[in-house]
Amino acid sequence: MPELPEVETVRRGLLKIAAGRKISGIDVYYGKTITNDVEKFRQALIGQTIVTVDRRGKYLLFRFTNDLTMVSHLRMEGKYFNQPIGGPIDKHTHVVFEFTDGSELCYHDTRKFGRMTLVKTGEEMTVGGLKTIGPEPTANDFTLPYFKAILAKSRGKIKPFLLNQRHVAGLGNIYADEVLWMSKVNPEQPANSLTDQQIRDLHDNIIKELARAIEYKGTTVHSFTNAFGDAGAFQNQLNAYGHAGDPCPRCGTKMVKIKVAQRGTTFCPHCQPLEND
DNA sequence: ATGTCTGTTATAAT
DNA sequence: GATTATAACAGACA
């Protein structure tokens with residue numbers, strides 16, 4: 001499901017339904033979700049309290065007492081929700097954290113792509129994609145000179161470039177299409193061939209659009225819900241993603257859907273022409 | 001039914 | 001390295 005705005009929305013929900021709770025038991029129904037030895041994972045966390053939940057890119061960082069951090073990535077369809085201990089466990093609920101207050105936190109993941117990894121706090125940057133993750137998409141961390149410099153070094157198409165989390169953290173398929181549409185950049189344009197204006201617009205739009213989507217509590221197009229089971233509201237703000245065949249909101253030209261790097265990609269052929277020099 | 005599609009990324013291959 | 005294809009998995013849809 002989630003790109004950065006959805007993960008941030010989940011994080012904020014987790015602060016309310018999980019932070020401050022002490023773990024009394026853990027049930028694991030699908031062991032591959034946990035990359036550690038499952039028994040060691042359980043023994044390390046039972047008795048610990050969730051102090052807070054942080055986020056880096058699309059990764060959630062559960063901070064526990066005893067200097068433990070659980071890195072959790074939801075991949076396509078991971079979800080967290082809470083219920084009273086003993087509530088229904090369906091076939092897609094893979095991990096359940098029981099709390100001493102009588103509630104439990106369930107991890108549900110239809111496609112089973114999501115992963116959790118427990119490390120000592122401070123070692124989270126050794127986990128998976130956090131090893132090479134790029135700057136957060138904020139004005140402070142993601143600077144224009146940095147963006148210019150990495151674009152200049154890449155010969156590949158701009159859309160897969162933006163999806164690569166080592167360049168900038170947080171964009172996924174929806175927001176990549178949105179910021180390219182907003183910036184009038186063709187998704188197949190070579191990264192090192194963008195004009196100065198396009199680079200400035202893209203930089204600006206990445207920062208602003210992700211922040212705006214957080215305000216709307218994320219985008220629900222397929223299955224995303226926050227920790228309370230609510231849909232986001234940003235799907236009504238989308239201009240490109242999901243609008244193939246519709247008129248472009250800017251010029252009225254019929255929007256087109258193609259495949260770029262194996263991902264469905266919607267754009268306006270008039271506003272976002274491929275510039276070949 | 002069989003093939004195509006899906007908010008991702010680790011891994012292998014080139 | 002940088003870039004590209006594939007695998008991991010389940011379900012909805014035509």
Side-chain angles (χ1 to χ4, degrees), chain A residues 1-11 29-35 55-60 71-80 90-94 107-117 126-134 137 149-180 187-192 206 209-210 212-214 216-226 230-238 240-245 257-266:
Chain A
M1 62 169 168
E3 304 178 40
L4 186 147
E6 292 76 37
V7 177
E8 176 61 19
T9 301
V10 169
R11 186 188 74 82
Y29 299 96
Y30 183 66
K32 279 179 75 175
T33 300
I34 293 161
T35 62
R55 179 189 57 73
R56 178 75 170 89
K58 304 176 193 174
Y59 293 80
L60 291 164
V71 180
S72 169
H73 197 298
L74 307 171
R75 295 286 188 95
M76 293 292 268
E77 307 212 48
K79 291 179 190 19
Y80 283 104
D90 81 9
K91 66 177 190 173
H92 299 305
T93 298
H94 303 130
Y107 177 73
H108 183 280
D109 187 347
T110 307
R111 290 176 74 181
K112 298 180 173 171
F113 287 168
R115 292 292 180 265
M116 300 173 188
T117 303
T126 65
V127 176
L130 287 174
K131 284 194 282 258
T132 54
I133 196 166
I150 59 171
L151 282 168
K153 286 189 286 190
S154 174
R155 180 91 202 92
K157 297 172 178 178
I158 185 63
K159 178 163 176 186
F161 178 94
L162 294 178
L163 292 176
N164 187 336
Q165 303 294 301
R166 64 176 65 204
H167 297 320
V168 57
L171 289 167
N173 207 36
I174 294 177
Y175 298 110
D177 277 5
E178 292 303 308
V179 298
L180 288 169
E188 299 192 285
Q189 194 71 34
N192 62 6
I206 289 168
E209 193 69 350
L210 289 174
R212 210 163 70 85
I214 291 172
Y216 280 77
K217 304 187 192 314
T219 297
T220 297
V221 297
H222 177 225
S223 65
F224 168 72
T225 56
N226 66 16
D230 305 324
F234 200 73
Q235 57 277 14
N236 305 314
Q237 304 291 313
L238 299 178
Y241 185 92
H243 289 281
K257 184 169 180 179
I258 61 172
K259 254 201 168 133
V260 180
Q262 288 80 241
R263 308 299 303 276
T265 299
T266 305

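Naming: A, B, ... by sequence-line order, numbering from 1 per chain. Quantities reported herein were computed from a predicted structural model and do not represent experimental measurements. Computed from heavy atoms alone, side chains included, the values below leave out hydrogens, waters and symmetry copies.
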(message) Quick check on A:Arg155: does its CZ atom have over 12 non-hydrogen neighbours (other residues, nucleotides or ligands) under 6.0 Å away?
(response) no

(message) Measuring from atom NE2 of A:His92 to atom NZ of A:Lys112, what distance do you get when rounded to the nearest 0.5 angstrom?
(response) 8.0 Å

(request) Please determine if a side-chain N or O atom of A:Lys257 lies less than 4.0 Å away from the OP1 or OP2 oxygen of B:dT6. (result) yes

(request) Can you figure out which of B:dT9, C:dC9, B:dA10 approaches the side chain of A:Arg263 most closely? (result) B:dT9

(request) Please determine, for the side chain of A:Gln262, which listed nucleotide (B:dC5, C:dA5, C:dA8) has the closest atom? (result) C:dA5

(message) Can you confirm whether the side chains of A:Ser72 and A:Tyr80 place a donor and an acceptor under 3.5 Å from each other?
(response) yes

(request) Establish, with yes or no, whether the OP1 or OP2 oxygen of C:dC9 is under 4.0 angstrom from a side-chain nitrogen or oxygen of A:Lys91. (result) no

(request) Check whether any side-chain N or O of A:His92 sits under 4.0 Å from OP1 or OP2 of C:dG11, and answer yes or no. (result) yes

(message) Both distances below 3.5 Å, Watson-Crick or wobble geometry, any strand: find the nucleotide opposite C:dC9.
(response) none

(message) Looking at A:Lys112, I'd like to know whether one of its side-chain N or O atoms comes within less than 4.0 Å of OP1 or OP2 on C:dA10.
(response) yes

(request) Can you tell me, in whole Å, how much space there is between the P of B:dT9 and that of C:dG11? (result) 22 Å

(request) Please determine, for the side chain of A:Thr110, which listed nucleotide (B:dT9, C:dG11, C:dA2) has the closest atom? (result) C:dG11

(message) Checking A:Thr219 against A:Tyr241 for the side chain to side chain donor-acceptor pair (under 3.5 Å) test, could you report, in this order, the C-alpha distance in whole Å, the side-chain angles of both residues, the deciding distance, and whether it holds?
(response) CA-CA 11 Å; A:Thr219 297; A:Tyr241 185 92; over 6 Å; no

(request) For A:Lys259 and for A:His73, locate the closest nucleotide of DNA chain B by heavy-atom distance; then report the residue assigned to the nucleotide nearer the 5' terminus. (result) A:Lys259

